[in-house]
2 protein chains.
Amino acid sequence: MTEVDDIDHALLRLLRQDARRTFSEMAEKVGLSVAAVKRRVDRLRDIGVITGFTAQIDYAKLGWGIEAFTELRYAGSAPVSEIIRTATVAPEVQAIYTTAGDPDALVSIRARDMRHLQQVIDTLRRAGNVTGTKTLMVMDVWTRSDVDPSPPTRPSATTRPQPAQRPRP
Amino acid sequence: MTEVDDIDHALLRLLRQDARRTFSEMAEKVGLSVAAVKRRVDRLRDIGVITGFTAQIDYAKLGWGIEAFTELRYAGSAPVSEIIRTATVAPEVQAIYTTAGDPDALVSIRARDMRHLQQVIDTLRRAGNVTGTKTLMVMDVWTRSDVDPSPPTRPSATTRPQPAQRPRP
DNA sequence: ATTGAAAAAGATGGCCA
DNA sequence: TGGCCATCTTTTTCAAT
C-alpha cells in the first residue's frame, strides 16, 4: 500500500525546498546511500505521492503583473467537467478549484494589466452558463516554503523551525 | 535589464513541465550547447525570474484529504504584514493571498479531515482581529501544466496544444 | 531494502570565436 | 553570447547482503 515513512517525509521536504537537489546531497542529509535515496524517490513518484517537479516563476518579472482570483457561479448544477472545460478556454487561467456550495468555482488568473484581466473575465462569463463572477485582486502572496507533510497519525500541533535556504554554490 | 528572449521562455516552459530535466536534454530541445543552457538558467535565477524549484505532492495520498479556501475579513484596515502574521500561525495554511476590497485575504488550507479543518479555522479566527470567515471546500483542482510565460508584447490569444507528459525512462 | 562499486551521463568552468 | 574541451560530479545499474 501507500506506505510513507519518516525518511520519505524527509525526502519530500527536501524536494519541496529544492526540486533540483542531487541524490547525493539528499543521501547525505537523510543518512542513506545514493542508490537507496533514488529508489525511494522513484517509488514516491510511482505511487503518485510526487506528481511532478516544477519551476517557480516570478510572473511579474515577465510582464504579467496582475494576479486575481475570480469566483464563478453557474446556472443550475453544472458538472465539474463542464466547469473545468469552460474555465480552461482562457490561457490566462492558471488553476481552477471547483467548490462545494457558493460559489461553484474559484479560478486563479494571471494577466498583464487590468484591461487584460477584464478581457479574461469577459471570456469566462461568455464561456458557459456563468451567471455571476466576483473578482479578488491579489495584492501580496505568501507561500509556505516548508510544507509539513507529516503523517496524519501524528497530530503535529506545531511547525518545526526550518534551516535557511541552501545558498547557491 | 530583465531581458528575457524566446529561448529563455522555452527554457522556462521546459522547467515548468519538469524541473529535474537535465541541461543536456534542454540543450537538445532549444538547439543550444549544454553550457549555454546552463548559463541562461543560472541567469534566470540570478535576475529572479526563476525563484526556485519544487516538488508537486499529492497531499491526499499523505492523509491530508481536505483542501479549502477561507476568506478572511479583518476589523479596520489591517496592514498586509499583520494579516500574514496572523494567518501564518496555523501550519496547515499553505498560502495567503492578501486582496484588495472584500474579503481582505484568501488563505489556502490543507487538513486531514473536517474536524481538523474546523480547528484550523477556529485558530485563524482567534489569531488576530478577524471579524469574519467564509470557507470554500475544494472538490476538484485543475492546474495548467503548460503555463505560457510569453512576452507581454505578444498578445497570445490562444493556447498551444501541449505534447503529452514525457514518460519516465 | 540497503550498500558499494563500476560504467555512463551530466554538470562546470575556462578559453576563444 | 555561444561553442568546445577537459575535468569533476552525479546518475544509474547490478551483484551481494
Side-chain angles (χ1 to χ4, degrees), chain A residues 1-57 61-63 149-151 153-154 163 165-169, chain B residues 1-57 61-62 149-151 153-154 165-169:
Chain A
M1 257 302 289
T2 308
E3 180 84 30
V4 179
D5 66 16
D6 286 352
I7 292 181
D8 290 327
H9 280 286
L11 293 174
L12 291 174
R13 201 169 61 237
L14 289 170
L15 285 171
R16 282 269 318 174
Q17 291 169 350
D18 181 1
R20 283 185 77 87
R21 262 182 228 276
T22 62
F23 290 127
S24 348
E25 185 189 346
M26 292 186 275
E28 204 175 8
K29 287 193 196 277
V30 303
L32 280 185
S33 70
V34 174
V37 168
K38 175 177 158 44
R39 263 177 57 99
R40 279 172 177 265
V41 173
D42 284 347
R43 179 174 156 276
L44 287 170
R45 293 190 48 160
D46 288 340
I47 66 181
V49 168
I50 295 175
T51 60
F53 302 99
T54 193
Q56 295 162 309
I57 292 174
K61 284 227 169 70
L62 295 175
S150 61
T153 47
R154 175 154 43 102
Q165 194 86 336
R166 169 186 75 120
R168 292 188 55 210
Chain B
M1 259 302 289
T2 309
E3 180 85 29
V4 180
D5 65 16
D6 286 352
I7 293 181
D8 289 326
H9 280 286
L11 293 174
L12 290 174
R13 201 170 59 238
L14 289 171
L15 285 171
R16 282 270 317 175
Q17 291 169 352
D18 181 0
R20 283 185 77 87
R21 262 183 228 275
T22 62
F23 290 128
S24 349
E25 187 188 343
M26 293 186 273
E28 204 175 8
K29 288 195 196 277
V30 303
L32 282 184
S33 69
V34 174
V37 167
K38 176 179 157 42
R39 276 170 43 126
R40 279 173 176 266
V41 173
D42 284 347
R43 179 174 157 277
L44 287 170
R45 293 191 49 159
D46 289 340
I47 65 180
V49 168
I50 295 175
T51 60
F53 302 98
T54 193
Q56 295 161 310
I57 292 174
K61 285 226 168 72
L62 294 175
S150 61
T153 47
R154 175 156 41 104
Q165 193 87 336
R166 167 184 77 118
R168 293 187 53 209

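Sequence lines set the chain letters: A, B, ... in the order given, protein chains first and strands last, and positions in each chain run from 1.
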Are any of S24(A)'s side-chain N or O atoms less than 4.0 Å away from OP1 or OP2 of dT9(D)?
-> no

Specify the separation, in whole Å, of atom CZ of F23(B) and atom P of dC8(D).
-> 20 Å

Mind checking whether H9(B) and L62(A) have side chains closer than 4.5 Å, heavy atoms only?
-> yes

Can you check the R45(A) CZ to dT12(D) P distance for me, whole Å?
-> 10 Å

For nucleotides 3-7 of chain C, list the nitrogen or oxygen atoms of the protein found under 3.5 Å from its nitrogen or oxygen atoms, one pair per line.
unit_1 : atom_1 : unit_2 : atom_2 : d
dT3(C) : OP2    : S33(A) : N      : 2.8
dT3(C) : OP2    : S33(A) : OG     : 2.6

On the ring face of F23(A), is R20(B) found with NZ or CZ under 6.0 Å from the centre and within 45° of the axis?
-> yes

Return the value, rounded to whole Å, for the distance between atom CG of D42(A) and atom C1' of dA1(C).
-> 14 Å

Give the rounded distance in Å between these two atoms: CE of M26(A) and C1' of dT9(D).
-> 15 Å

Find the bend of the helix from dA1(C)-dT17(D) to dA17(C)-dT1(D) as the angle between its two terminal axes (five pairs each), to the nearest 10°.
-> 30°

Counting just side-chain N and O atoms, does K38(B) come under 4.0 Å of either OP1 or OP2 of dA11(C)?
-> no

Could you give the CD-to-P distance, from E25(A) to dC8(D), as a whole number of Å?
-> 21 Å

Would you kindly give the CZ-to-P distance between R40(A) and dA1(C), to the nearest whole Å?
-> 8 Å

Tell me which nucleotide among dT1(D), dT10(D), dG10(C) gets nearest to the side chain of T22(A).
-> dT10(D)

Side chain of R40(A), backbone of L11(A): donor and acceptor closer than 3.5 Å?
-> no

Using atom CG of L11(A) as one end and atom C1' of dT2(C) as the other, report the distance to the nearest whole Å.
-> 14 Å

Where the side chain of R20(A) is defined as all heavy atoms beyond and including C-beta, which of dT12(D), dA11(C), dT1(D) is the nearest nucleotide?
-> dA11(C)

